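Data block below; observations after.
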Amino acid sequence: MMELLPQALTDGILLGGIYITIAIAFSLTYGVMHVIDFAVGEWIMFGAFTGYYLNKWTGLDPFLFLPVIFVLYFGVGYVIQPVIHRVLSGTKGNPFLMGLVFTFGLAIMFRGLALTAFGFYSNSIPSAFSEGSFNLEPLGLTVTIPTVRLVGLAYALAITLILHYLLKKTNFGLGVRALAQHKDAAGLMGVNSKRTGSYVYGIYVGISAMTGVLLGCILSIGAQMGNEYTIFAFFVVVLAGMGYLAGVPWAALLLGLVQSIFMIYFNPSHTLLAVFAILYIILLISPRGLFGKGV
Amino acid sequence: MKNRGATILAIIGAALLILPLVVHDTFVLRVLTEGVMWIGLAIAFDVIAGYTGYLNFGHGAFFGIGAYTIGILMMQANLPFWAALPAGGVAAAIVALIAGIPTLRLKGAYFAIATWALSRAIQQLALNVEFTGGPDGMRLEAFLNPQFFYYLMLITVGGTFAILWYLLERAPFGLKLKAIREDEEGAKALGLNPTKLKMQSFILSALPTGILGGIYAYWITFIDPSSTLGDLVSDQAVVMVVFGGMGTLFGPALGAILIFAFKTIFWAYLSDFQLLYLIILGALIAISVIFIPNGLWGTMVKRKAGAARPQQNAEPVSEPAALSAVAAPEEGN
């Protein structure tokens, strides 16, 4: 059994790398809009299916579509965000509760739409990278690295770097950070919270959809995959500490490790239980995340 | 006006009581029984969601826990129904207690996520362990007496309604919960213990739900993870309460009646399009949030109040809610 461990760790790190992208975008949206988007898994699922069908119709490699899918879903997010903004800035009832309920409703609707359109089957997206793999032999142990996972990790790192640049080096990023810190004060300093929110939500939806294609190439796609990824996104964000971006990569890697260890050593269908158990213990011991820096 | 409301309630109650004597159609009685059950589930959900302001997106988990507890106790421990029934409620309350300890100290978003994840995890647990029968579900010994279940459901839901009405609308407990919903820090400053109160309200919400799940299991005689622990139960509870009106008892009851009637008609005539039902549920939640954030009942009551006092705008009432929502991200824990 022990000879499988290096393989499990490698798989976990490669998979966790991909979760970083979703989790950062998700965390960013929470920071700016102060709403948890229950539809995160559904955006991933929609992206995956868009990639699947584009690949089927054109026969081109799904990796070529990534920019197209990003632009497409950026548009979708940009259009939907004002509605969420309206709900959140409403004066009737409790806007925060309403925002949560609203995205919860969206998630149910999207799941229904996907089940209607795509059925209950599960598929995977074929890519030029899906077959290839190569072996590494560190310290006499053989570890197989599937090319598709390595490419996925490279993509995730690229996205993370771009987001980091956007946030730290541009005026737009300054506005986003200001909004996350104090919405009203940022507004007084001339940050357009409405438009910035739309951009951030668009970026988040675009990244989630793109990542969905990668996950479709590596694992599988199905209309019900959204549920699982929504829980994963929450897991990462809660572990990192809500709104604490710097903790996200570590939490994402941990999730990847948990998942791959359960796939190899235990029953894969118990992954969700393990994820929940860890979530519960973290909330019990350190509710503000592993680093104690969440809000 | 209060007397008129009481009269209407008494008439509805009396009509529901004598109905089985008039109607002998088993199908109608069955639909009524389930309708009454949904009223109970919706008002129980509203205790934590509407009154306390903590959304439990996994309400169905308590229903399923109740159902499975009864099933296991009756079929594997050979307990009689009446001995097993309270255990269903107690089991749901214990799970609420365990789940509430870490999550209720935190902000609402954590709670919403955690309860939702909990319900998914419990469903997976039921699918994977031996004693629940896994995906095949569990068959209970049949007790075929539609009138018995109708009255049992009616008394349980009626009793729940009366107790909740007293606790939430007449006793100080309801006001304390509303204070937490509007401004948790302020409530703390007034000397309330929010964590304890939230816990009480969560248990108060779980207990009747577990009992209703137990009655449902004995009534339907067959339970499986997708029918009792699936997300449809939670989703419907959310839609009923949001559509009907959060933070009231009559709103969720109204929502439950309307949504359940719609569901019954939909599944009777369009049973091939069950996925469409899911889309409509989701859309209905989103649309209610945008257009009637106070729900049907809240909008009706407000309109009536507005017509009586045309000069006074009802807007300032919701001011604290808006303020606390703006201030929420800066609050430390």
Side-chain angles (χ1 to χ4, degrees), chain A residues 30-31 34-36 38 83 86-102 104-113 115-116 180-184 227-228 230-231 234-235 237-238 242-243 267 269-270 272-273 275-277 279-285 287-288 294-295, chain B residues 49 53 55 57 99 101-103 105-110 112-114 116-118 120-121 124-125 127-128 181-182 231 235 238-239 242 246-247 273 275-290 293-295 298 315 318-319 321-322 324-326 328-333:
Chain A
Y30 177 75
H34 304 300
V35 66
I36 289 285
F38 264 85
V83 186
R86 195 188 136 169
V87 172
L88 285 174
S89 52
T91 48
K92 287 183 191 160
N94 187 335
F96 169 72
L97 285 187
M98 287 299 144
L100 265 180
V101 173
F102 183 76
F104 188 69
L106 280 188
I108 296 175
M109 192 168 74
F110 289 164
R111 195 157 63 242
L113 280 172
L115 284 169
T116 312
Q181 234 173 50
H182 200 296
K183 197 179 162 198
D184 292 345
N227 265 340
E228 194 184 342
T230 305
I231 292 183
F234 292 154
F235 175 83
V237 173
V238 170
M242 203 104 60
N267 187 344
S269 60
H270 289 165
L272 208 57
L273 288 174
V275 162
F276 184 78
L279 201 63
Y280 183 82
I281 293 166
I282 293 291
L283 280 174
L284 201 61
I285 298 170
R288 295 170 68 193
V295 278
Chain B
L55 285 165
F57 284 144
I101 288 170
T103 51
R105 288 180 303 176
L106 306 162
K107 280 196 305 186
Y110 283 96
I113 297 167
W116 188 71
L118 172 74
R120 304 270 61 78
Q124 205 158 52
L125 193 68
L127 280 168
N128 281 301
R181 179 187 70 195
E182 295 303 326
D231 35 15
D235 295 354
V238 173
V239 87
V242 172
M246 289 170 100
F273 302 93
L275 292 170
L276 186 63
Y277 179 68
L278 209 58
I279 302 175
I280 295 174
L281 276 193
L284 205 58
I285 294 179
I287 291 168
S288 316
V289 166
I290 296 174
N294 292 316
E315 281 304 301
S318 50
E319 199 76 351
S324 69
V326 169
E330 284 80 44
E331 284 165 12
N333 285 297

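Throughout, a chain's letter reflects where its sequence line sits, starting with A, and its residues are numbered from 1. Because the structure is predicted, anything quoted here is derived from the model rather than measured.
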Bottom line for Leu118(B): the part with an atom under 4.5 Å from chain A's heavy atoms is both
Ranking Ile36(A), Val237(A), Leu279(A) by heavy-atom pairs under 4.5 Å to chain B gives rank one to Ile36(A)
CE (Met109(A)) and CG (Leu284(B)) are apart, to the nearest 0.5 Å, by 11.0 Å
Looking only at heavy atoms, the pair that brings Arg111(A) and Leu278(B) closest together is C-CD2, 4.5 Å
Residues Phe234(A) and Ile113(B): closest non-hydrogen pair is CD1-CG2, 3.2 Å
Closest non-hydrogen contact found for Met246(B) with Leu97(A) is CE-CD1, 4.4 Å
The side-chain contact (heavy atoms from CB on, under 4.5 Å) partners of Thr103(B) (sequence neighbours excluded) come to Leu283(A), Phe111(B), Ala114(B)
When the 4.5 angstrom heavy-atom criterion is applied to Leu284(A) and chain B, the contacting part is both
Note: vs chain A, highest number of non-hydrogen pairs under 4.5 angstrom among Val238(B), Leu127(B), Val239(B) is Val238(B)
Tightest non-hydrogen contact, residues Val101(A) and Leu55(B), listed as CG2-CD1, 3.5 Å
Closest non-hydrogen atoms of Asn227(A) and Trp116(B), given as atom of the first, atom of the second and distance, are OD1-CZ2, 3.2 Å
Heavy atoms of Ala112(B) and Leu100(A) approach each other most closely as CB-CD1, 3.9 Å
Applying a strict 4.5 Å limit to non-hydrogen atoms, the region of Phe235(A) in contact with chain B is neither
Assert top hit (heavy-atom pairs under 4.5 Å, partner chain B, pool Leu273(A), Ile281(A), Ile285(A)) equals Leu273(A)
Output for pair (Ile279(B) CD1, Leu113(A) CG), nearest 0.5 Å, gives 4.0 Å
Honestly, the part of Phe102(A) sitting under 4.5 Å from a heavy atom of chain B is both
To the nearest 0.5 Å, atom CG of Asp235(B) lies from atom CD1 of Ile108(A) at 3.5 Å
When the 4.5 angstrom heavy-atom criterion is applied to Val275(A) and chain B, the contacting part is neither
Max heavy-atom pairs within cutoff under 4.5 Å with chain A, candidates Val289(B), Leu276(B), Leu281(B), Ile280(B), goes to Val289(B)
